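Have a look at the structure below before the remarks.
Numbers restart at 1 for each chain; the letters A, B, ... are given by sequence-line order, proteins then strands. Please read all numbers here as calculations on a predicted model, not as lab measurements.
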There are 2 protein chains.
Amino acid sequence: MKSPQVSISDIARDLGVAPSTVSRALKNHPEISRDTCLRIQEYARKVNYRPNALALGLKQQKSFTIGVIIPEIVHHFFSSVISGIEDLAYGKGYRVIICQSNEDYHREVINVEALSDHRVDGFLVSISKSTRDNKHFLNLSEQGIPIVFMDRATPEVDSDRVLTNDFEGARLVVSHLLKRGCRNIIHLAGPQHLSVGRERYLGYAEALKEAGVPLQDELVLKCDTPARVAQHSAKLLNLATGADAIFAVNDFTAVAAMRLLQDHGYIIPDQIAVAGFGDDPIATVVRPSLTTVEQRGYDIGKEAARILLNRLSGETEEDFKTKIFPAFLKVRDSG
Amino acid sequence: MKSPQVSISDIARDLGVAPSTVSRALKNHPEISRDTCLRIQEYARKVNYRPNALALGLKQQKSFTIGVIIPEIVHHFFSSVISGIEDLAYGKGYRVIICQSNEDYHREVINVEALSDHRVDGFLVSISKSTRDNKHFLNLSEQGIPIVFMDRATPEVDSDRVLTNDFEGARLVVSHLLKRGCRNIIHLAGPQHLSVGRERYLGYAEALKEAGVPLQDELVLKCDTPARVAQHSAKLLNLATGADAIFAVNDFTAVAAMRLLQDHGYIIPDQIAVAGFGDDPIATVVRPSLTTVEQRGYDIGKEAARILLNRLSGETEEDFKTKIFPAFLKVRDSG
DNA sequence: AAAACCAACGCAAACGTTTGCGGATAAAAC
DNA sequence: GTTTTATCCGCAAACGTTTGCGTTGGTTTT
């Protein structure tokens, strides 16, 4: 029953040639005769020879593997990102190792080390919320291992980035709410040390400014998960009495807020409008359906992988670039 | 800027000892003196030595990596499974390489080969819907590489399995619908060559039998995605006129059906009840909230990884086992 | 017929580890 | 003062590849 993997040496022994000949024959090296090539290739197929990627990686100092670190795979946005990465990478002969940080800094560091141990050729990273120190990423840069940040980036590390136009997306959706007549718009904000949270807040502020509506600091609440909505429910309900709209930094927080308000008798969007960010599938399924901003995870992943692979193949030698995907407003029933 | 990874030989050279001494010192081998051990370990830490997992894997014929093949990562169930796998595997020093088959047989085969090339120590698999031929899995078995199937299994391959009690779950939810007074229950069924689809259908049939309600073949529709719901919308709407409930093989299909009916004026659950399977987050967010069956992806993933790692460590030598997680009915507002 | 050449293949080192075995030094036993 | 024993360490092979260079034969030049 056990038939272990066959190696090049096995083939060489069976066919009475040298391992080097087998190696060359398998890649149609011109210095091997047509006959020998065919004979070896046929035999290799027969015994189902498969090259050992570990040995190959060791020899060539290149593992043809890229490491991905994301906060949480269960979020639709991130799983879309992964799909994009995989579709591109696998097409070019690269494998992908995925790690989750679970929004935990320490785990993120562990992940970097583990992937580094496996000699991944490059990194695709979405930084965890709790990460304040970026030394682990700087280390990689020093070693010449390329990183491309996706969606969540830090200015501390000089590298490529692929982002959504968070600022513009937030500005668009808040402008929309203002045009609808809303004047007291609550913002459920994300962490301000990450570009995502910061830019969306700034877009919110810009929209208000453009409309000549003063920014009220007390309407900005640091609250970016359903859990935090539950935690701050009293405060949020209190705020809501004087508000006519909510703009949340992501869709699940928006939906959680919507639920909370509905449970307390609010009619949405008549009494209070709600908007999110990301266009999660949840947005179309919730009632009323959620107004939000489209954020194309699949495309972001694919583009990030493309940039990384270009660097790895040495085609890109220029300075680091930041690719920003446009944000599109998705007006639905909630606001 | 470029400071390449340091190897054991580098340390040996710098410290004037042999590589073997360094190797042993790093793992506190008793034959190395306390002094040398400390000196080497300190230096290793200083230069940030990290073992090369490729070399290690090559030498020990063990990569400490497990391969995961799932249909689509964007489904909450599967991403939960992955989280469970990772949490267990990383804790025991194993890495995880994830591949998506996208429900495509050919891609599944490619994935098996790719992971096999990387000499993963074992496989965790949820079979793609379009897979009819299981030769690629049988090959692995022949080579003595352990597989644990999760959720979707095939009887053709002798291996460990971790499943939900699909039969019982379906029986429970259909019984519930019957108790509610429904008599003409449509079943949106999954593919019958996979245990999941088959068992859920059988549970549906069993519940009807127990209640003395005859099974009407024309009420069973092969339809297990929102896309298929859209595709079969006319037929479904036609069926619905004479039905009082729908039991769908999964939650997104249930929700899609619910939407379709609602768009055509149906009041749910008054005119027609709807139930799904899986307890996707979508179930709690949709209105009316969806009655469904809980299916613990995280636990399934964790258990599957546990079983696989036990086999890898040689602790398990017995026959293959099938672990079946109980199914719990989640009664909500839709039926 | 010696020199030069070419086609086809083998040798051996290298990638970074681990590990069995043997060797050196020094202390302990006789 | 020789032998034993223990302690500490180095040599070299091996894992599966790739690749520069060397080695065969045999064919073509002059």
* Asked: Are R132(A) and E156(A) within salt-bridge range, i.e. N to O under 4.0 Å?
  -> no
* For the rings on F149(B) and F137(B), is their centre-to-centre separation under 6.0 Å? -> yes
* Asked: Is any side-chain N or O of S23(B) closer than 4.0 Å to OP1 or OP2 of dT18(C)?
  -> yes
* Which residue lies toward the 5' end of DNA chain D, A55(B) or T21(B), if each is placed at its nearest nucleotide? -> T21(B)
* Ring centres of H136(B) and Y105(B) under 6.0 Å apart? -> yes
* **Gap between atoms CD1 and P, on I8(A) and dA14(D) respectively (whole Å)** => 18 Å
* N-O pairing of E103(B) and R152(B) below 4.0 Å -> yes
* For K62(B), report the nucleic acid contact type (base, sugar-phosphate, nothing); a contact means any heavy atom under 4.0 Å. => nothing
* Measure from CG on L26(B) to P on dG16(C) and round the result to the nearest Å. => 15 Å
* To do: In whole angstrom, give the distance that lies between atom CG of L56(A) and atom P of dG16(C).
  => 15 Å
* To do: For R34(A), answer base if it contacts any base atom (sugar-phosphate contacts may also be present), sugar-phosphate if it contacts only those atoms, and nothing otherwise; contact means non-hydrogen atoms under 4.0 Å.
  => nothing
* Within this structure, what is the CD-to-P distance between E31(B) and dT18(C), rounded to whole angstrom? -> 16 Å
* Asked: Hey, does Q61(A) reach any base, or is it just sugar-phosphate, or nothing, if we go heavy atoms under 4.0 Å?
  -> sugar-phosphate
* To do: Give a yes or no on whether a donor-acceptor pair under 3.5 Å exists between the nucleobase atoms of dT17(D), that is its base, and the side chain of K59(A).
  => no
* To do: Look at all strands and tell whether S20(A) reaches a base, only sugar-phosphate, or nothing, counting heavy atoms closer than 4.0 Å.
  => base
* **Given dT19(D), dT19(C), dT17(D), the nucleotide with the shortest approach to the side chain of Q60(A)** => dT19(D)
* **dT17(C) OP1/OP2 closer than 4.0 Å to side-chain N/O of K27(B)** => no
* Protein-nucleotide distance (L54(B), atom CG; dT18(C), atom P), rounded to Å -> 13 Å
* Nearest-angstrom distance from the residue atom CD1 of I11(A) to C1' of dC9(C) -> 17 Å
* To do: Report yes or no: is the cationic atom of K323(A) (NZ for Lys, CZ for Arg) closer than 6.0 Å to the six-membered ring centre of F325(A), at no more than 45° off its axis?
  => yes
* Between D117(A) (CG) and dG16(C) (P), how many Å, whole number? -> 14 Å
* Does a side-chain N or O from T36(B) land closer than 4.0 Å to OP1 or OP2 of dC8(D), or not? -> no
* Asked: Rounded to the Å, how far apart are H29(A) NE2 and dA7(C) P?
  -> 13 Å
* If you check every side-chain atom of R24(A), which of dC21(D), dC9(D), dT17(D) has the closest atom? -> dC21(D)
* **Pairwise 5' ranking along DNA chain D for C37(B) and L58(A), keeping only the more 5' one** => C37(B)
